[in-house]
Amino acid sequence: MDVGMTIGGRVTLGAATLPVENPARAEEFARAPAASPQEVDRAVADAVAAFPGWSALSFAERAQLLRDCGTLLHRHVDELARLLTLEQGKPLADARGEAALAADWFGHTAALSLPREDLVDEPGAQVSMERLPHGVVAAVAPSNFPLILAVTKVAPALLAGNTVVLKPSEVTPLASLRMTELLGEVLPAGVCNSVCGGPAIGAALTEHPEIGLVSFTGSVPAGRAIARSAAEGFKRVVLELGGNDACIVLPGADVTALAPRIFAAAMVNNGQFCAAIKRIYVPAPDAARLTSALADLAAAARLGDGLLTGTEYGPLVSRAQLDRATALVAQARTAGARILPGARTPDLPGHFLTPTVVTDLPRGTRLEAEEQFAPVLPVFAYDTVEEAVARANGTEFGLGGSVWGDEEHAVSVATGLDCGTVWINTHGALRAEAPFGGRRSSGMGTEYGYWGLLEYTRIKVCNIARP
Ligand code: NAD
């Protein structure tokens, strides 16, 4: 499988390669190109060269090209989905959903508009404002939803008139690199480039002086490193970082009926979803019933290779991710927690961990404070709703949170949650129309919809005097 980097309209396999593992088998199944710092420079230079032509197109012309990108990607959903399953581990049906959503996202984005705004229109003066592109956008994507989280950057950046250099995660590069190859059939040379490599290549790209904006999705430490380096040149950054979303179940809620919905919202992509439920707070009298219903669901989960029919949950994306999750469970067990139905690494060759419910955790465990990013779900019993809200807000994160139960009560409790999105009787539902972003260590800036598009623009004001 020869998937290359797209640099200046040409697909290049690069001088060096890096291994790409199938996490369901824990073995290398392909090699991806490994960019050199010189190739990063070339990709940025080609994006700089393509910028005047691309930004000079009308908004409508760029929107039409984005629609064409979406149409083309729809024809390749099966191919992209297979690559996603092989490199990320998710079941093929989920991978198809992600690839189709990525194709659709070009259309959703193309439907947005950025009209010039008239701010003052008086006899003596006219002031208007337009939104212009930054120049070259560095788009750095994570390993959990490689394709859609690349497209949610690439599509609005291009629509606003920027050119792009995309760096997918070195763990899951293939579907994204293949996508940029395909986009090259529609877009002019140099408009959407890709480079591949790990954190050092990510840093070479994001620290490049010709980059106008860095749009990053990934972990808190990497986001912090990018923000630090961006400060040097006052580079604009959008950082979508980790989450540790709490779900508060209200007194009076039917926990047995809610359990399957809460379980599903926690186990999305095996818990490897920034806005998955990562902690549950439930009234003490209901805790045993909810925990036991969740444990039954965990015990029934069907794990396996994502390419096989019937698989509900694939492996974790890497050995490092699995090791981290098992260490969190071990620490909880040592602290006296009960592990239900018993975290197991099943007898499969890959990085598998069975869905696991953790209860009776004392305060101050890592599983409450940190993001597990794995199918490990801690359940905490609370005495008062105020206590639940305080604990929900008591971590460094502020991405999302949800409240479940009577709608009116839930809406009023949700006003106390200090995060970017609150959900009522659902969790993690993201939409192309609604902005999404976090507070505190969960990041800065916004993605999706009109508000996400604005991040890819700078304001220019025109002030006309009419004496
Ligand atoms: P990661 O930080 O390990 O890697 C993400 C990307 O950053 C990769 O492409 C990597 O090569 C690159 N990178 C790493 N260090 C870098 C540096 N110093 N400079 C530039 N680039 C660098 O994250 P991951 O494991 O792929 O993703 C999981 C994390 O992403 C979780 O914390 C998750 O919550 C978060 N995430 C957040 C959102 C959101 O919208 N808030 C969405 C998805 C994932």
*Asks:* Kindly compute the distance separating CD (E39) from CE (M5), expressed to the nearest 0.5 Å.
*Replies:*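 CE of M5 is found 4.0 Å from CD of E39.
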*Asks:* Backbone N or O of A325 within a donor-acceptor pair of the Q372 side chain at under 3.5 Å?
*Replies:*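 No, the answer is negative, given that no donor and acceptor are paired below the 3.5 Å cut-off.
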*Asks:* Quick one, E240 with S215, criterion side chain to side chain contact (heavy atoms under 4.5 Å, CB included). Give me CA distance, side-chain angles, the key distance, then yes/no.
*Replies:* CA-CA 8 Å; E240 298 292 347; S215 179; over 6 Å; no
*Asks:* For the backbone of R391 and the side chain of R279, can you confirm whether one donor and one acceptor N or O come within less than 3.5 Å of each other?
*Replies:* yes
*Asks:* How long is the gap from CZ on F397 to CG on D418, to the nearest 0.5 Å?
*Replies:* 14.0 Å
*Asks:* Applying side chain to side chain contact (heavy atoms under 4.5 Å, CB included) to E21 and H351, what does each step give before you reach the verdict?
*Replies:* CA-CA 11 Å; E21 191 189 57; H351 309 308; 2.9 Å; yes
*Asks:* List in chain and number order the residues that pass ring pair (Phe, Tyr, Trp, His ring centres under 6.0 Å) with Y456, two or more places apart in sequence or in another chain; answer none if no residue qualifies.
*Replies:*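 Y456 satisfies ring pair (Phe, Tyr, Trp, His ring centres under 6.0 Å) with no other residue.
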*Asks:* Quick one: closest heavy-atom pair of E170 and L18, and the distance?
*Replies:*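 Between these two residues, the closest heavy atoms are O-CD1, 3.8 Å.
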*Asks:* Atom CZ of F436 and atom CG of L430: how far apart are they, to the nearest 0.5 Å?
*Replies:*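 Output value for this atom pair is 5.0 Å.
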*Asks:* Are L177 and P33 packed together at the side-chain level, in the sense that at least one heavy-atom pair is separated by less than 4.5 angstrom?
*Replies:*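 Heavy-atom side-chain distance check passes, below 4.5 Å.
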*Asks:* Between the main-chain N or O of A81 and the side-chain N or O of K90, is there a donor-acceptor pair closer than 3.5 Å?
*Replies:*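 The answer is no, because no donor-acceptor pair under 3.5 Å joins these two groups.
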*Asks:* Are side-chain heavy atoms of L367 and V358 found at a separation under 4.5 Å?
*Replies:*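 Heavy-atom side-chain distance check passes, below 4.5 Å.
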*Asks:* Heavy atoms only: give me the nearest R224-S441 pair and the separation to one decimal.
*Replies:*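 Minimum heavy-atom contact is NH2-OG, 3.8 Å.
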*Asks:* Answer yes if the ring centres of Y382 and Y281 are under 6.0 angstrom apart, and no otherwise.
*Replies:*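 Ring centroids of Y382 and Y281 are no less than 6.0 Å from each other.
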*Asks:* Report, as yes or no, whether the 6.0 Å neighbourhood of atom CD on E433 holds more than 12 heavy atoms from other residues, nucleotides or ligands.
*Replies:*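 Counting neighbours around CD of E433, more than 12 heavy atoms of other residues, nucleotides or ligands fall under 6.0 Å, so yes.
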*Asks:* Distance from L297 atom CG to L377 atom CG, nearest 0.5 Å?
*Replies:* 10.5 Å
*Asks:* Does V3 form a side chain to side chain contact (heavy atoms under 4.5 Å, CB included) with E181? I'd like the steps, not just the answer.
*Replies:* CA-CA 8 Å; V3 181; E181 287 181 4; 3.8 Å; yes
*Asks:* So, the side chain of E455 versus the backbone of V238: is there a donor-acceptor pair under 3.5 Å, distance only?
*Replies:* no
*Asks:* Near Q331 CD, under 6.0 Å, is it more than 12 heavy atoms from other residues, nucleotides or ligands?
*Replies:*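 Enclosed.
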*Asks:* Which atoms form the tightest heavy-atom contact between S169 and S143, and what is the distance?
*Replies:*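 Minimum heavy-atom contact is OG-CB, 3.6 Å.
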*Asks:* May I ask you to test the V137-K153 pair for a side-chain heavy-atom distance under 4.5 Å?
*Replies:*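 V137 does not reach K153 side chain to side chain.
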*Asks:* For the backbone of G314 and the side chain of T311, can you confirm whether one donor and one acceptor N or O come within less than 3.5 Å of each other?
*Replies:*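 Absent.
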*Asks:* Distance only, no hydrogens: is a donor on one side chain within 3.5 Å (strictly under) of an acceptor on the other, for T421 and W423?
*Replies:* no
*Asks:* Of all residues at least two apart in sequence or in a different chain, which pass the side chain to side chain contact (heavy atoms under 4.5 Å, CB included) check with H76?
*Replies:* L72, E79, L80, R178, L182
*Asks:* Could you tell me whether E207 and K235 make a salt bridge, using a distance below 4.0 angstrom between a side-chain N and a carboxylate O?
*Replies:*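 Here E207 does not pair with K235 in a salt bridge, since their nearest N and O are not under 4.0 Å apart.
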*Asks:* The test is side chain to side chain contact (heavy atoms under 4.5 Å, CB included); show your working for I211 and V136 and say whether it passes.
*Replies:* CA-CA 5 Å; I211 295 294; V136 181; 3.8 Å; yes
*Asks:* Which heavy-atom pair separates G416 from N393 by the least distance, and what is that distance?
*Replies:* O-ND2, 2.8 Å
*Asks:* Quick one: does any side-chain atom of S442 pair with a main-chain N or O of R440 as donor and acceptor, under 3.5 Å?
*Replies:* no
*Asks:* Let me check something: any side-chain donor-acceptor pairs from residues 249-263 under 3.5 Å, sequence neighbours excluded? List them with distances.
*Replies:*
unit_1: D254; atom_1: OD1; unit_2: T256; atom_2: N; d: 3.3
unit_1: D254; atom_1: OD1; unit_2: A257; atom_2: N; d: 3.2
unit_1: R261; atom_1: NH2; unit_2: N425; atom_2: O; d: 2.6

*Asks:* Quick one: does N244's side chain have a donor or acceptor within less than 3.5 Å of a partner on E396's backbone?
*Replies:* no
*Asks:* Would you compute the distance between atom OG1 of T109 and atom CG of L66 and round it to the nearest 0.5 angstrom?
*Replies:* 7.0 Å
*Asks:* If you measure from the Lys or Arg side-chain nitrogens to the Asp or Glu carboxylate oxygens, is any gap between E370 and R324 under 4.0 Å?
*Replies:*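 So E370 pairs with R324 through a salt bridge.
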*Asks:* Any non-hydrogen side-chain atom of V411 less than 4.5 Å from a side-chain atom of V422?
*Replies:* no
*Asks:* Below 4.5 Å, heavy atoms only, C-beta onward: do S229 and E232 meet side chain to side chain?
*Replies:*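 When only atoms from C-beta onward are counted, E232 and S229 do not touch, as no gap falls below 4.5 Å.
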*Asks:* Between N270 (side chain) and Q272 (backbone), is there a donor-acceptor pair under 3.5 Å?
*Replies:* no
*Asks:* Do Q321 side-chain atoms and V317 backbone N/O form a donor-acceptor pair below 3.5 Å?
*Replies:*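 Side chain of Q321 to backbone of V317: no pair is present.
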*Asks:* Does N193 use its side chain to pair, donor to acceptor, with the backbone of V164 at less than 3.5 Å?
*Replies:* yes
*Asks:* Does the side chain of T6 come within less than 4.5 Å of C192's, by heavy atoms?
*Replies:*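 In short, these two side chains do not touch, never coming nearer than 4.5 Å.
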*Asks:* Please report the closest heavy-atom contact between I201 and C196, naming both atoms and the distance.
*Replies:* CG2-O, 4.1 Å
*Asks:* For the atom pair CG (L361) and CZ (R366), what is the distance rounded to the nearest 0.5 Å?
*Replies:*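 Rounded to the nearest 0.5 Å, the CG-CZ separation comes to 12.5 Å.
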*Asks:* Mind listing the closest non-hydrogen atom pair of I248 and A392 along with its distance?
*Replies:* CD1-CB, 4.1 Å
*Asks:* Do F145 and V268 touch side chain to side chain, with heavy atoms closer than 4.5 Å?
*Replies:* yes
*Asks:* Heavy atoms, side chains only, cut-off 4.5 Å: are H74 and D104 in contact?
*Replies:*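 When only atoms from C-beta onward are counted, D104 and H74 do touch, with a gap below 4.5 Å.
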